[in-house]
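This report refers to the structure that appears directly beneath it.
Every chain is numbered from 1, with letters handed out A, B, ... down the list of sequences. Heavy atoms only: backbone and side chains are in, while hydrogens, waters and symmetry mates are out.
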Number of protein chains: 2
Amino acid sequence: MKKIEKKTEDKRAIYYWDRLQNYGRKYKWFHWPSVEAFLNLVYTYDVISNHFASKIQHTGLSRSALNILNIISRSDKKGCTHKELSDLLLVSRANVTGLVDSLVRKNLVKRQDSQHDRRLSIVKITKNGEELLNSVLPSYYLEMRRLASDLSNDERNKLNDILIKLRLKIFDLYKDKKKTESN
Amino acid sequence: MKKIEKKTEDKRAIYYWDRLQNYGRKYKWFHWPSVEAFLNLVYTYDVISNHFASKIQHTGLSRSALNILNIISRSDKKGCTHKELSDLLLVSRANVTGLVDSLVRKNLVKRQDSQHDRRLSIVKITKNGEELLNSVLPSYYLEMRRLASDLSNDERNKLNDILIKLRLKIFDLYKDKKKTESN
DNA sequence: TATTGTTATACTCTATAACTATA
DNA sequence: TATAGTTATAGAGTATAACAATA
């Protein structure tokens with residue numbers, strides 16, 4: 001049996017909930033209910049992220065590589081420019097080059113020059129890439145369904161509403177900042 | 001004004017909600033309400049993570065480095081072994097060595113040999129490290145409070161409940177797997 | 001001039017295996 | 001034998017700046 005170094009119990013939550021709650025009080029603005037929510041968000045993300053990463057480990061792809069491949073696949077014959085990928089992935093153009101390079105090396109996508117705008121490089125999925133996706137996504141989606149199956153419709157809706165609310169709140173911060181910067 | 005390559009609008013959500021919803025139907029187990037919940041979780045985490053990372057960029061610390069420092073600081077005079085850090089951070093012991101090394105280089109923590117068990121290396125925070133934490137954490141906690149201020153008590157509780165539920169569901173998977181592996 | 005993509009570089013984080021020393 | 005920590009190595013991901021080609 002393979003040695004498992006990583007612990008799968010919720011040690012971290014126990015640790016934090018025990019100690020941080022009191023410790024943080026020395027900071028004026030520390031507000032435990034807020035902090036608790038963010039900690040839960042981060043830890044749950046972390047656990048989910050590791051779980052899905054292990055689900056696709058056998059493909060040799062990371063979660064973001066699969067993500068890119070998925071995006072490109074969805075663009076169909078049209079393909080996807082580096083710029084689009086950069087926007088969607090929140091990754092710099094410089095790094096998109098590297099990410100696409102690694103997929104090209106694995107023969108999962110190919111680059112094509114655009115005929116309309118010769119600055120553009122268009123990325124399309126290969127047969128190989130499609131086959132890989134088709135071999136991975138079914139169990140991926142099944143797993144999402146299984147994990148979410150314990151949530152009621154109401155809970156799922158609440159979760160979505162709250163997460164969107166938090167996200168938009170942050171976007172608003174940056175909008176405001178942009179405005180004041182340009183004035 | 002500094003050029004901003006990263007977009008702060010919710011391009012990704014728009015993109016996905018438009019396309020994925022239909023695209024995914026070709027997969028048998030694709031269940032949009034489940035997928036939507038996970039996408040929201042991932043994107044919101046991502047946005048929050050980037051936001052807080054930018055908040056502490058001036059310290060030269062990454063979010064995980066700050067996290068380690070925070071854990072060590074909370075252990076007070078007692079200090080923290082590498083093993084403890086490894087468990088709490090879900091990071092291999094090998095990598096804890098590297099992470100602690102980089103904090104030692106910055107004079108934020110120091111190592112001490114344990115007198116009871118000479119295998120152990122105990123990590124303690126330095127004056128320098130404490131000062132850094134005190135200069136960063138107040139605004140960090142204030143920001144959490146601000147961001148969560150739009151959520152009602154009920155929403156926060158619901159969010160926590162749901163996130164914990166999801167996390168424990170995954171932990172249970174691994175517990176079951178462990179059991180069957182040892183049989 | 002602005003945009004797209006590339007190159008180069010450096011740093012962080014992660015994963016793995018082999019090793020030392022202690023228990 | 002098991003545990004704690006280290007070393008070495010390789011790869012993914014990110015951040016930044018300078019650059020060429022094209023619009």
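For the side-chain contact (heavy atoms from CB on, under 4.5 Å) criterion with Ile71(A), the lone passing option out of Ile125(A), Val123(A), Leu89(A), Leu66(A) is Leu89(A). Tested against His82(B), the residues Leu99(B), Val100(B), Asp87(B), Ile122(B) include a single side-chain contact (heavy atoms from CB on, under 4.5 Å) partner, Val100(B).
At the phosphate of dA4(D), neither OP1 nor OP2 sits under 4.0 Å from any side-chain N or O atom of Thr81(B). The side chain of Lys83(B) places no N or O atom within less than 4.0 Å of a non-bridging phosphate oxygen (OP1 or OP2) of dA2(D). In terms of phosphate contacts, Arg105(A) brings no side-chain nitrogen or oxygen within less than 4.0 Å of OP1 or OP2 of dA12(D). The side chain of Arg111(A) contributes an N or O atom lying less than 4.0 Å from OP1 or OP2 of dT6(C).
Going from atom CD1 of Ile56(B) over to atom OH of Tyr140(B) covers 5.0 Å, rounded to the nearest 0.5 Å. Annotation: the span from Trp32(A) atom CH2 to Leu39(A) atom CG amounts to 5.5 Å, rounded to 0.5 Å.
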Quiz item: Between Tyr27(A) and Asn134(B), is a side chain to side chain donor-acceptor pair (under 3.5 Å) present by the stated rule, with each step listed?
Solution: CA-CA 9 Å; Tyr27(A) 294 101; Asn134(B) 285 329; 2.9 Å; yes
Practice problem: Please report the C-alpha distance between Phe38(A) and Phe52(B) in whole Å, then the side-chain angles of each, then the deciding distance to 0.1 Å, and finally whether the ring-ring contact (aromatic ring centres under 6.0 Å, His included) criterion is met. | Solution: CA-CA 11 Å; Phe38(A) 283 102; Phe52(B) 279 101; 5.8 Å; yes
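For Asn67(A) and dG13(D), the CG to P distance is 10 Å, given to the nearest whole Å. Counting to the nearest Å, the C1' atom of dC13(C) and the CZ atom of Arg63(A) are 15 Å from each other. Across the protein-nucleic acid pair, Asp101(B) atom CG and dG5(D) atom P stand 13 Å apart, rounded to whole Å. Atoms NE2 (His58(A)) and P (dA15(C)) sit 17 Å apart, rounded to a whole Å. Taking atom NE2 on His116(B) and atom P on dA23(C), their separation rounds to 12 Å, with Å as the unit. In this structure, CG of Leu103(B) is placed 16 Å from P of dC11(C), rounded to the nearest angstrom. The CG-P distance, from Leu99(A) to dG5(C), rounds to 14 Å in whole Å. Here dA23(C) presents its P atom at 7 Å from CZ of Arg119(B), a figure rounded to the nearest Å.
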Quiz prompt | Pair assignment for DNA chain D - dot-bracket with | for other-strand partners, Watson-Crick or G-U under 3.5 Å | solution = |||||||||||||||||||||||
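Within the 4.0 angstrom heavy-atom criterion, no nucleotide atom of any strand lies near Ser102(B). Gln57(B) comes within 4.0 angstrom of the backbone, heavy atoms only, and of no base.
Distance from the side chain of Ser64(A) is smallest for dG13(D) among the nucleotides dT16(C), dA15(D), dG13(D). Between dT14(D), dT6(D), dT16(D), one nucleotide has an atom nearer to the side chain of Val91(A) than all others, and that is dT14(D). Closest to the side chain of Thr97(A), from the set dT6(D), dG5(C), dC13(C), is dG5(C). Here the side chain of Ala94(A) is nearest to one of dG13(D), dT7(C), dT4(C), namely dT7(C).
A donor-acceptor contact shorter than 3.5 Å is absent between the side chain of Ser121(B) and the backbone of Asp113(B).
A 4.5 Å side-chain heavy-atom check between Ser139(B) and Lys55(B) finds every atom pair outside the cut-off.
Residue-to-nucleotide contacts include a donor-acceptor pair under 3.5 Å from the side chain of Arg93(B) to the base of dA4(D).
When the nearest nucleotides of DNA chain C are assigned to Asn95(A) and Leu120(A) by heavy-atom distance, the more 5′-ward of the two goes with Leu120(A). Toward the 5' end of DNA chain D, the nearer of the two residues Ala65(A) and Ser121(B), judged by each one's closest nucleotide, is Ser121(B).
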